[in-house]
Amino acid sequence: MSMKHNHPYHLVDYSPWPLSGALGALITVSGMIMWFHQFNNNLLYLGNLILILTMIQWWRDITRESTYQGLHTLPVINGMRYGMILFIISEVFFFVSFFWAFFHSSLSPAVEIGSMWPPKGINPFNPMQIPLLNTVILLSSGLTVTWAHHSILENNYTQAIQSLFFTVILGIYFTMLQAYEYYEASFTISDAVYGSTFFMATGFHGLHVIIGTTFLIVCLLRQIFSHFSKMHHFGFEASAWYWHFVDVVWLFLYISIYWWGS
């Protein structure tokens with residue numbers, strides 16, 4: 001039950017979504033373990049379903065609070081800005097661990113992998129083919145999401161919708177090309193440390209692209225329903241920050257793993 005307070009901060013109402021989200025994450029991870037060891041993915045599907053339903057209802061509540069109830073005041077939005085910045089910093093260190101593992105293994109290859117990089121028997125991807133195309137796609141999506149931001153600031157809602165739509169399409173296209181690349185790969189995640197570092201780094205980046213694309217799809221729908229204005233669009237702004245972070249990480253992945261590492 002909502003209560004009125006004599007301060008500009010938003011004290012959230014009781015919500016079941018943090019609990020259902022935590023349970024969904026637990027079931028998803030447990031389902032992945034069952035899938036890996038017993039080749040049964042039923043629990044994984046159940047966990048994903050719970051997470052999807054939680055996201056839809058939790059984001060619905062946040063949209064209602066910010067757009068219709070006016071609960072996201074300036075101090076609340078500033079707090080969200082700092083929270084998003086800290087979240088992106090934590091993601092940076094998450095990927096630093098993968099780059100650390102890659103360079104540790106590649107700059108001084110162990111004798112067990114033939115003292116060479118890539119290890120003997122590994123046929124790496126040609127960086128001038130799909131990886132280069134994906135680089136162009138992500139850089140282009142960075143331009144279109146910036147175009148969308150400037151369109152919102154100028155109250156040009158038609159161009160904001162168009163540019164957001166192009167960004168979503170580019171994100172989906174990137175994911176499809178990476179899935180094709182994985183399908184055509186001549187090595188697997190179990191092929192020495194090269195396969196482990198390659199698929200962990202690029203796979204988690206691909207997961208972040210899917211998450212970022214989901215954010216942008218929600219922003220596109222909200223823009224279609226005129227939820228954003230020149231002064232009130234932090235939901236989109238946070239998504240754009242996340243998308244630019246994904247772009248920058250891919251540049252480091254392309255230069256280090258695809259180009260230099262091959």
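In what follows, every heavy atom counts, from backbone to side chain, and hydrogens, waters and symmetry copies are set aside. As the structure is a prediction and not an experimental result, all values here were calculated from the model.
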Side-chain donor or acceptor of S196 paired with backbone N/O of I189 under 3.5 Å: yes

Distance in Å, K230 NZ paired with N156 CG, rounded so as to fall on 0.5 Å steps: 12.5 Å

Ring geometry between H233 and F236 (parallel below 30°, tilted from 30 to 60°, perpendicular above 60°): tilted

Cluster link L251 to F94, ILVMFWY, side chain under 4.5 Å: no

Among F204, F98, Y194, F187, the one residue meeting ring-ring contact (aromatic ring centres under 6.0 Å, His included) with F199: F187

Distance-minimising heavy-atom pair for S239 and L216: CB-CD2, 4.1 Å

Aromatic contact, W260 with F103 (centres under 6.0 Å): yes

Same apolar cluster: W250 and W100, side chain cutoff 4.5 Å: no

Residue pair W259 / L132, side-chain heavy-atom distance below 4.5 Å: no

Side-chain donor-acceptor contact under 3.5 Å, E91 with H208: yes

Atom pair CD1/CD of I130 and E184 - distance to nearest 0.5 Å: 7.5 Å

Shortest non-hydrogen contact between L170 and S140, atoms and distance: CD1-C, 3.8 Å

Reported NE2-to-OG1 distance for the pair H72 and T63, which is rounded to 0.5 angstrom: 9.0 Å

Under 3.5 Å, which donor-acceptor pairs do the side chains of residues 26-37 form with other protein atoms, sequence neighbours left out?
from	atom 1	to	atom 2	distance (Å)
T28	OG1	G24	O	2.7
T28	OG1	G47	O	3.3
S30	OG	L26	O	2.8

Shortest non-hydrogen contact from P118 toward P124: CG-CG, 3.9 Å

Heavy-atom pair of closest approach, residues M84 and A238: CE-O, 3.4 Å

F102 and W117 aromatic centres sub-6.0 Å: yes

Distance-only polar pair, side chains of S141 and W243, donor-acceptor under 3.5 Å: yes

Contact summary for S105 and V193, nearest pair of heavy atoms: OG-CG2, 3.3 Å

Parallel, tilted or perpendicular, as decided by the 30° and 60° cut-offs, for the rings of H205 and F174: perpendicular

Distance-only side-chain donor-acceptor flag, D61 / W17, under 3.5 Å: yes

Heavy-atom donor-acceptor pair, Q178 side chain to T202 backbone, under 3.5 Å: yes

same_hphob_cluster(I172, I161) at 4.5 Å side-chain heavy-atom cutoff: yes

Hydrophobic cluster identity match, Y242 and L207, side-chain contacts under 4.5 Å: yes

Same apolar cluster (I L V M F W Y, side chains within < 4.5 Å links), L139/Y173: no

Q159 versus W147, side-chain donor and acceptor atoms under 3.5 Å: yes

F198 ring center within less than 6.0 Å of Y258 ring center: yes

Least distance between heavy atoms, A25 atom then L51 atom: N-CD2, 3.6 Å

